[in-house]
2 protein chains.
Amino acid sequence: MKKVEEKLEQKEIRPTAMRMLVLETLRNQKAAISLQDLEIEFEKADRITLYRTLKTFQEKGLIHSIADGTGITKYALCEEGCKCAPEDMHVHFFCNRCEDTFCLPKFKIPKVSLPKGFVTLETNLLVKGTCANCTH
Amino acid sequence: MKKVEEKLEQKEIRPTAMRMLVLETLRNQKAAISLQDLEIEFEKADRITLYRTLKTFQEKGLIHSIADGTGITKYALCEEGCKCAPEDMHVHFFCNRCEDTFCLPKFKIPKVSLPKGFVTLETNLLVKGTCANCTH
DNA sequence: ATTAAAAATGCAACTTCATTGCACGTTTTA
DNA sequence: TAAAACGTGCAATGAAGTTGCATTTTTAAT
Ligand SMILES: [Mn+2]
Ligand SMILES: [Mn+2]
Ligand SMILES: [Zn+2]
Ligand SMILES: [Zn+2]
């Protein structure tokens, strides 16, 4: 695993203290995280700085956002080599029980057939249900 | 086409004047509509009443909501016989050009394979691109 | 090293969309 | 025809995201 500092520089993001902490958090997280999650994790940090940290990360292609239907945007690290292009997109899963949102990068989105004249540029697939941790 | 009044009663919604007008609008619309759209269409009507009209329609299974990534919830009539169950769900399409959101009820969502332990209860598929009206 | 420019941060204010409370009017039912 | 249930309208509130600007920190130039 590359050091957080190197990872940031690779994406042309200056490695400030805050950014390194946030990236570290994103790495340790199994589920996607929200701005709120970061606010809780970094109580002393400013909400807006966290907000802009996520925004920068996204603009630089380090993370991607996920709309899981809760109305709260979640974020997760992009896979190594991800360009956030259509072919990089994968299934997202929202667990109704633990309310965690997961990237399933191994599960690509199938090609969707559309009516004549419709051109696909991007596809988002969100599955809701019960996650592996919550089924027993 | 069933009269709007009958349609409402069939879904156990009392056919008030406002509700009949809104249903009529929903029927005439090719694209999904937002609360804002209704506000513009019915300038004299109260915003909250329109809001609650949509809410009631949805709760009674007359319409379904669509999250198209714009942050503005869109609504569209359910198909005849729709129970809003997983098997009723279809593809939604957002056109980046005209910014209209369409139901594609003829295009069902393919079964998605998931990791072991994940149970699917609901699937949402949103395709973004250019719609038939905007490709020429 | 010193200074100027650029970038990041922190605080406050604001926007947008959604939602709730409550009084009042209308419809339904007993 | 009275009581209850329901619908409507106006105001207020909530939640999430976004912007402006002053201050601090970092970087680059002299
Ligand atoms: Mn993802
Ligand atoms: Mn639809
Ligand atoms: Zn779960
Ligand atoms: Zn279009």
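Scope of the values below: all heavy atoms of this structure, side chains included, with no hydrogens, waters or symmetry mates. Residue numbering restarts at 1 for every chain, and letters A, B, ... go by the order of the sequence lines.
Nearest to the side chain of A/Y51, among D/dT18, C/dT28, D/dT8, sits D/dT18. Of the candidates C/dC11, D/dG17, C/dA18, C/dA18 carries the atom nearest the B/L35 side chain, counting heavy atoms from C-beta on. Counting only heavy atoms from C-beta on, A/I48 has its side chain closest to D/dT18 among D/dT18, D/dC6, D/dA12. With C/dT9, C/dC11, D/dG9 as the candidates, the nucleotide lying closest to the side chain of B/T49 is D/dG9. For B/T73, counting side-chain heavy atoms from C-beta on, the closest listed nucleotide (C/dG21, C/dG10, C/dA18) is C/dA18. Of all nucleotides listed (C/dT9, D/dG7, D/dG9), D/dG7 comes nearest to the side chain of B/R19.
In this structure, CD of B/E9 is placed 14 Å from P of C/dT27, rounded to the nearest angstrom. In this structure, A/D68 atom CG and D/dA16 atom C1' are separated by 13 Å, rounded to whole Å. Atoms CD1 (B/I72) and P (D/dA16) sit 18 Å apart, rounded to a whole Å. Between the CD atom of B/E43 and the P atom of D/dG9 there is a distance of 15 Å, rounded to whole Å. The CG-C1' distance, from B/D46 to D/dA11, rounds to 10 Å in whole Å. Straight-line distance from the CD atom of A/E39 to the P atom of C/dG10: 13 Å, rounded to whole Å. The nearest whole Å value for the distance from the CD1 atom in A/I13 to the C1' atom in C/dA7 is 14 Å. Atom pair A/E59:CD and C/dA8:P shows a separation of 11 Å (rounding to whole Å applied).
One N or O donor and one acceptor, one from the side chain of B/R47 and one from the base of C/dT19, sit under 3.5 Å apart. Checked by distance alone, A/R52 brings no side-chain donor or acceptor within 3.5 Å of a matching partner on the base of D/dG17.
Checking A/T56 against B/G71, the closest nucleotide of DNA chain C that is more toward the 5' end is the one next to A/T56.
Between A/F57 and A/Y75 there is no side-chain heavy-atom pair separated by less than 4.5 Å. The closest side-chain heavy-atom distance from B/K7 to B/Q10 is below 4.5 Å.
Taking a cutoff of 4.0 Å between a charged side-chain nitrogen and a carboxylate oxygen, A/K106 and A/E79 do not qualify as a salt bridge. Under the 4.0 Å criterion applied to side-chain N and carboxylate O atoms, A/E9 and A/K3 are not assigned as salt-bridge partners.
Applying the 4.0 Å criterion to OP1 and OP2 of D/dC6, one finds that B/T16 has every side-chain N and O outside that range. Applying the 4.0 Å criterion to OP1 and OP2 of C/dT9, one finds that A/K55 has every side-chain N and O outside that range.
Rounding to the nearest 0.5 Å places NE2 of B/H90 at 6.0 Å from CD1 of B/I66.
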